[in-house]
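Sequential numbering from 1 along the given sequence is applied to the chain's residues.
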Amino acid sequence: MLRQIHQQILDARLQLRRLLIGPQTLAFLPALALAAFWFGGEELLIGVTLGIPMLFALLGGYDRPAPQPVRACDGVTGLPMRDGLEDALSSSMRGSLSARRATACFMVSIDEYDVLVERFGGTAGDHILRRTADRLRNVLREHDLACRTGSASFGIALAPVAHVDIEAAIQMASRLQAATEEPIVLDNTVIYVSVSIGFCLGSRTPEASGDGLIQATALALSEAVRNAPSAIRSYSDEMRRTEKSRNIFADEAAAALENGDIRPHYQPQICTDTGKVTGFEALARWIHPERGTIPPADFLPILENAGKLARLGEVMLGRSLEALRAWEEAGLDIACVGVNFSSDELRNPKLIDKVKWELDRYDLAPNRLAVEVLETVVAATPEDVVARNVNGLAKLGCRVDLDDFGTGHASISSIRRFAIGRIKIDRSFVMKVDRDPEQQRMVAAILTMAERLDLETLAEGVETAGEHAMLAQLGCDHVQGFGIGHPMPFEATEAWVRNHMASLEAPPSITRRNG
């Protein structure tokens with residue numbers, strides 16, 4: 001409280017000092033001196049001419065300004081670091097309060113930056129950071145400040161303006177996103193990135209300080225990252241309440257796994273030739289009774305540390321096969337369901353027996369199950385037990401999908417060693433494939449390789465109709481992504497499939513031209 005009063009006194013002194021040396025005072029100073037001489041003679045004239053400088057001195061006008069600390073800059077981007085962002089926002093907050101102006105803070109995070117560095121190398125990672133920093137500066141105004149706040153994140157202090165609201169901030173975030181998501185050229189390679197953005201208005205921060213505004217914006221960014229790629233989120237009080245209750249303990253996650261709160265959500269996969277649904281991928285979601293949906297990034301590491309991934313695999317497999325049986329009984333033609341198998345599960349010597357038992361339990365043919373294996377597992381593991389399990393499941397009749405193809409550097413020999421039947425092309429190759437010839441050539445090369453090896457193909461992360469159309473034109477067999485359908489609970493799948501099939505059967509509308 002005393003600190004706030006002291007700051008208010010300093011702000012008042014600063015405003016008076018500015019008033020005394022402002023153009024309006026300087027313009028009337030001669031008239032003021034003449035009036036003093038006219039009405040009070042030489043004594044009043046002397047008093048006025050001496051009094052104004054003395055008042056200026058009392059207000060600290062002659063004090064030497066404190067030397068500004070030299071702020072460290074990031075060696076890669078040349079941008080100031082987090083303390084520079086806090087200083088700028090603190091100054092903007094004080095200016096906003098005293099002059100009735102508005103400010104805001106934005107944070108930008110490059111999605112899956114670690115994956116980009118792993119794929120293209122550290123030099124490429126630094127190049128991505130520099131280009132992103134340059135593009136942010138180009139979008140900002142002269143007095144706005146961009147800083148580097150993390151390994152792949154940037155903060156922006158918006159200089160005080162007359163007015164800024166949620167709509168204007170969203171437009172600003174969209175401009176930042178559009179600028180930073182432009183393709184990045186490195187040597188002969190075109191790199192596509194997506195960014196997630198969080199922001200908080202100065203008027204909405206729970207604590208009226210630079211640090212408080214940064215913390216609120218960081219919460220918004222965390223929420224955006226959870227909904228990546230290319231998500232934008234604004235800070236709200238609900239986020240703060242959610243963050244406080246986000247501390248998840250292993251026993252709580254384990255209990256949720258057993259009582260059915262952690263369950264599959266199903267994302268549809270469709271054929272590019274017919275448009276029909278050819279399968280679903282089962283993705284784990286935690287539906288908390290109080291906190292709502294908890295994303296996998298928040299609970300999967302906890303289950304892994306608790307040694308519960310194998311149990312999660314059992315739950316996902318059982319629920320997915322149960323869904324297949326239910327779709328069949330409802331008259332839906334769903335060829336298969338894809339279930340991700342972790343490296344822990346693939347090392348289980350009894351895995352084949354467990355899968356066979358589950359298939360027999362629901363009276364399903366093995367080809368109704370697609371075993372999804374990460375390319376990083378295939379590329380990194382020399383263990384014979386993993387190869388025996390994958391090949392054993394393939395021999396049983398299960399489909400084997402190689403997930404995230406292009407991220408793990410799996411060789412052709414390892415693809416053949418693991419009896420892969422379909423490769424899932426990673427979303428990094430799919431982004432903007434309808435607009436970039438380089439992406440088209442890369443996807444075409446993958447499809448040609450798959451055709452020569454007699455492998456089916458599925459493109460992940462399809463978000464636009466243009467990407468869908470181009471992938472179909474290039475010859476990709478199946479597509480999956482938000483542009484097709486979001487992961488949904490089992491209860492919503494039947495209606496989604498029926499609506500999708502109805503849209504395929506509906507005749508195209510023909511409009512009559514007048515005249």
Side-chain angles (χ1 to χ4, degrees), residues 223-224 226-231 233 238 242 253 256-272 274-300 303 312-340 358 361-362 364 368-372 399 401 403 424 427 430 458-465 467-468 478-506:
E223 187 66 23
R226 289 188 184 96
N227 292 273
S230 300
R233 292 294 184 271
E238 180 63 28
T242 302
L257 191 58
E258 298 303 327
N259 62 27
D261 287 342
I262 297 179
R263 66 192 75 154
H265 276 207
Y266 301 92
Q267 187 170 36
Q269 303 163 340
I270 66 174
C271 174
T272 55
T274 65
K276 293 182 179 180
V277 179
T278 55
F280 282 92
E281 180 181 3
L283 301 165
R285 296 292 186 267
W286 183 352
I287 312 301
H288 196 281
E290 298 176 357
R291 306 173 199 172
T293 301
I294 298 177
D298 288 346
F299 68 83
L300 286 182
L303 291 176
L312 174 64
E314 292 177 358
V315 171
M316 294 293 291
L317 178 61
R319 296 290 291 267
S320 298
L321 297 181
E322 181 183 1
L324 263 179
R325 169 54 62 193
W327 290 326
E328 191 172 278
E329 292 174 353
L332 300 181
D333 183 17
I334 307 298
C336 69
V337 62
V339 178
N340 292 275
E358 290 286 355
R361 174 186 174 193
Y362 291 100
L364 293 169
R368 305 292 300 280
L369 172 65
V371 177
E372 301 210 2
R399 310 179 188 210
D401 288 356
D403 203 4
K424 301 183 71 175
R427 65 175 290 270
V430 173
L458 182 148
E460 299 182 282
V462 178
E463 297 188 357
T464 68
E467 292 171 352
H468 183 179
H478 308 270
V479 288
Q480 170 185 346
F482 288 175
I484 310 302
H486 287 252
M488 63 192 80
F490 168 77
E491 295 76 16
T493 55
E494 181 179 348
W496 189 94
V497 173
R498 296 194 185 281
N499 289 337
H500 178 76
M501 295 306 297
S503 68
L504 295 179
E505 297 171 359

Asker: Side chains of Leu300 and Leu312: closer than 4.5 Å at any heavy-atom pair?
Answerer: yes
Asker: Would you mind writing out the side-chain donor-acceptor pairs for residues 314-322 within the sub-3.5 Å range, not counting sequence neighbours?
Answerer:
unit_1 : atom_1 : unit_2 : atom_2 : d
Glu314 : OE1    : Arg311 : NH1    : 2.9
Glu314 : OE2    : Lys354 : NZ     : 2.4
Ser320 : OG     : Met316 : O      : 2.6

Asker: Apply side chain to side chain donor-acceptor pair (under 3.5 Å) to Thr278 and list each qualifying residue two or more places apart in sequence or on a separate chain.
Answerer: His478
Asker: Which distance, rounded to the nearest 0.5 Å, do you find between the CG of Asn340 and the CG of Leu283?
Answerer: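 Result: 6.5 Å between the selected atoms.
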Asker: Enter the distance from His265:NE2 to Arg263:CZ here, rounded to the nearest 0.5 Å.
Answerer: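 Between His265 NE2 and Arg263 CZ, I get 6.5 Å after rounding to 0.5 Å.
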Asker: Taking all atoms of both residues into account, what is the closest heavy-atom pair of Pro487 and Phe482, and its distance?
Answerer: CD-CE2, 3.9 Å
Asker: May I have the step-by-step check of side chain to side chain contact (heavy atoms under 4.5 Å, CB included) for Thr274 and Leu504, ending in yes or no?
Answerer: CA-CA 9 Å; Thr274 65; Leu504 295 179; over 6 Å; no
Asker: Would you sort out whether Tyr266 and Trp496 count as a ring pair (Phe, Tyr, Trp, His ring centres under 6.0 Å), showing the intermediate values?
Answerer: CA-CA 11 Å; Tyr266 301 92; Trp496 189 94; over 10 Å; no
Asker: Report yes if some heavy atom in the side chain of Pro489 is under 4.5 Å from a heavy atom in the side chain of Arg285; otherwise report no.
Answerer: no
Asker: Return a table of donor-acceptor pairs under 3.5 angstrom between the side chains of residues 328-336 and protein atoms on other chains or two or more places apart.
Answerer:
unit_1 : atom_1 : unit_2 : atom_2 : d
Glu328 : OE1    : Arg368 : NH1    : 2.8
Glu328 : OE2    : Arg325 : NH1    : 2.4

Asker: How long is the span from the CD1 atom in Ile262 to the CG atom in Leu257, to the nearest 0.5 Å?
Answerer: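 So the CD1 of Ile262 and the CG of Leu257 are separated by 5.0 Å.
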Asker: Does the side chain to side chain donor-acceptor pair (under 3.5 Å) test come out yes or no for Trp327 and Thr493, once each step is laid out?
Answerer: CA-CA 9 Å; Trp327 290 326; Thr493 55; 2.9 Å; yes
Asker: Who pairs with Glu463 by salt bridge (charged side-chain N to carboxylate O under 4.0 Å, His left out), at least two apart in sequence or on another chain?
Answerer: none
Asker: Under the criterion side chain to side chain contact (heavy atoms under 4.5 Å, CB included), I'd like the reasoning laid out for Val371 against Val339: C-alpha separation, chi angles, the key distance, then a yes or no.
Answerer: CA-CA 6 Å; Val371 177; Val339 178; over 6 Å; no
Asker: Can you list everything that forms a salt bridge (charged side-chain N to carboxylate O under 4.0 Å, His left out) with Glu281? Sequence neighbours excluded, please.
Answerer: Lys424
Asker: How far does CD1 of Ile270 sit from CG of Leu458, to the nearest 0.5 angstrom?
Answerer: 10.0 Å
Asker: Donor-acceptor pair, distance only, cut-off 3.5 Å: does the side chain of His500 make one with the backbone of Gly275?
Answerer: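 At least one qualifying donor-acceptor pair exists.
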Asker: Which heavy-atom pair separates Ala282 from Pro264 by the least distance, and what is that distance?
Answerer: CB-CB, 4.0 Å
Asker: Do you know the tightest heavy-atom contact between Arg427 and Gly461?
Answerer: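 That would be CB-CA, 3.9 Å.
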Asker: Does Asn259 reach the main-chain N or O of Asp261 with its side chain, forming a donor-acceptor pair under 3.5 Å?
Answerer: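 Checking the backbone N and O of Asp261 against the side chain of Asn259, a donor-acceptor pair under 3.5 Å is found.
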Asker: Could you list the residues that satisfy side chain to side chain donor-acceptor pair (under 3.5 Å) with Ser230, not counting sequence neighbours?
Answerer: Glu181
Asker: Taking it one step at a time, do Phe280 and Val497 satisfy side chain to side chain contact (heavy atoms under 4.5 Å, CB included)?
Answerer: CA-CA 11 Å; Phe280 282 92; Val497 173; 3.7 Å; yes
Asker: Under 3.5 Å, is there a donor-acceptor pair between the side chain of Gln269 and the main chain of Val277?
Answerer: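 No, because the side chain of Gln269 does not come within donor-acceptor range (under 3.5 Å) of the backbone of Val277.
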Asker: Could you measure the distance from the CZ atom of Phe490 to the CG atom of Leu324? Nearest 0.5 Å is fine.
Answerer: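 Phe490 CZ to Leu324 CG: 9.5 Å, rounded to 0.5 Å.
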Asker: Nearest 0.5 Å please: distance from the CD atom of Gln480 over to the CD atom of Glu460.
Answerer: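 Result: 5.5 Å between the selected atoms.
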